[in-house]
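Data block below; observations after.
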Protein chains: 2
Amino acid sequence: MRPDETTTDVLRCTAHGLGELPELVELAIVLTSTMARVAEEHELTPMQGRLLCGLGEQPRRMVDLAQSLGIEKAALTGLVDRAERRGLVERTPVPGDRRAVQVTLTEDGGQAMVAFGTGVASALGELLEPLPVKDRATFCRLASAVVGSARATWDHA
Amino acid sequence: MRPDETTTDVLRCTAHGLGELPELVELAIVLTSTMARVAEEHELTPMQGRLLCGLGEQPRRMVDLAQSLGIEKAALTGLVDRAERRGLVERTPVPGDRRAVQVTLTEDGGQAMVAFGTGVASALGELLEPLPVKDRATFCRLASAVVGSARATWDHA
DNA sequence: TATTGTTATACTCTATAACTATA
DNA sequence: TATAGTTATAGAGTATAACAATA
């Protein structure tokens, strides 16, 4: 099922004077739904997609991954359990610290990761396609600026 | 817990030639996290926030709401059950169709809806604050265009 | 027969608290 | 003591399938 507008209705009422912010709410929903659709096409949950992408570069420890994904380590335990059960990732020991474990991509997981990544990039590309070429770059640049300042704020707090 | 980058890593590897699309993935995460944070500040789940906003204008029927939110009607039953248990909404009969029910905001639900909507608008406003004034409008305009074309595509399919 | 909504069931994602093992 | 990770528990959100009541 695909969402249409809803959350934005109230913003149109309560946020007058605040500009076109409701568009950002819809944008969040469109982007999130798009990624969820791509994940589903590859038989992944959105969170599994993010997990695989987090392992694209190299194995990561649980603490590290939990932080990257913005979830508690206990939640990650379950996430990795399920991904492991599906043959996407493996837990391996970390040399030099017998408390820790590394999570690594399996062969299948690596393929799923690449397929998902490619699919997301392609789907987002299609989303921008209707825009004039010049606007696409502008939009990405501004998106990047917003993300950057948001992260800067969070890191301070 | 707040997420940092992760999903975008693989895109940087697999999506070369596709431009700055990874920024859009991060943007989705930043926007979604921001709305989740605001919901939490008002003791709502993100989905409850969306539900309340969907009822801001007038009562809605279950089928209608499920469609707006992009979930199955059975899932909406549970969502409304929990919201009703918290005193945010009520189920009332629809005159003229004894199969249907309307969902309406309670007094509390209405206040929560306005508070949440205001909070979201304010939080999104802060997110744009670091941008030059001119860029803010541009960003919202482009966001609106992306959303519009995405919805147009979905409506066709 | 078709539509509206609920119930039953199962799974994913999440948090908190308590625990084990290692540093 | 502090850190890494798991287990236990509880709750939210979701889908599918089967169902009841009404149109």
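At a non-hydrogen distance threshold of 4.0 Å, B/T77 from residues 76-88 of chain B come into contact with DNA chain C.
With C/dT14, C/dT16, D/dT16 as the choices, the nucleotide that has an atom nearest any side-chain atom of A/E72 turns out to be C/dT16. Here the side chain of B/R91 is nearest to one of C/dG5, C/dT6, C/dT14, namely C/dT6. The side chain of A/T45 sits closest to C/dC13 out of C/dC13, D/dA17, D/dT6.
The residue among A/P46 and B/D64 whose nearest nucleotide of DNA chain C is located toward the 5' end is B/D64. Projected onto DNA chain C by closest heavy-atom contact, A/A74 and A/Q48 fall at different nucleotides, the more 5' of which corresponds to A/Q48.
Separating the CG atom of B/L69 from the P atom of D/dA15 is a distance of 11 Å, rounded to the nearest angstrom. Whole-Å rounding puts the A/R60 CZ to D/dG5 P distance at 12 Å. One interatomic measurement links the two molecules: CD of A/E43 to P of D/dA15, which rounds to 17 Å at whole-angstrom precision. In this structure, CD of B/Q67 is placed 14 Å from P of C/dT3, rounded to the nearest angstrom. At whole-Å resolution of the value, CG in B/L44 and P in D/dG13 are 10 Å apart. Atom CD1 in A/I71 sits about 13 Å away from atom P in D/dG5, given to the nearest Å. Residue B/E40 contributes atom CD, which lies 14 Å from atom P of D/dA12 at whole-angstrom precision. When rounded to the nearest whole Å, the span between CG of A/L52 and P of C/dT12 equals 14 Å.
With a 4.5 Å cut-off on side-chain heavy atoms, B/T92 and B/V101 do not count as touching.
Not a single donor-acceptor pair under 3.5 Å links the side chain of A/Q102 to the backbone N or O of A/R91. The backbone N or O of A/E129 lies less than 3.5 Å from a partner atom in the side chain of A/R136, making a donor-acceptor pair. The closest donor-acceptor contact from the side chain of B/T32 to the backbone of B/A28 lies under 3.5 Å. Judged purely by atom type and a 3.5 angstrom limit, B/S149 uses its side chain to pair as donor or acceptor with the backbone of B/V146. Of the possible donor and acceptor atoms, none in the side chain of A/S144 sits under 3.5 Å from a partner among the backbone N and O of B/E23.
Annotation for B/E41: atom CD counts as buried by contact number, over 12 foreign heavy atoms lying within 6.0 Å. Counting non-hydrogen atoms of other residues, nucleotides and ligands closer than 6.0 Å to CD of B/Q58 gives a total above 12. The environment of CD in B/E43 is sparse: at most 12 heavy-atom neighbours from other residues, nucleotides or ligands sit within 6.0 Å.
Classified by interplanar angle (parallel below 30°, tilted 30° to 60°, perpendicular above 60°), the ring pair A/F139/B/F139 is parallel.
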At under 4.0 Å between heavy atoms, which parts of nucleotides 18-23 of chain C does protein reach? Answer with one letter per nucleotide, 5' to 3': B base, S sugar-phosphate only, - none. ---BBS
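The side chain to side chain donor-acceptor pair (under 3.5 Å) test with A/D64 singles out one residue from A/Q67, A/R60, A/R61, and that residue is A/R60.
Remark on the helix from C/dT1-D/dA23 to C/dA23-D/dT1: inter-end axis angle 10°, axes from five-pair C1' superpositions, rounded to 10°.
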Steps toward side-chain hydrogen bond (donor to acceptor under 3.5 Å, both in side chains) verdict (B/Q48, B/R82): CA-CA 9 Å; B/Q48 281 173 345; B/R82 292 185 291 273; over 6 Å; no
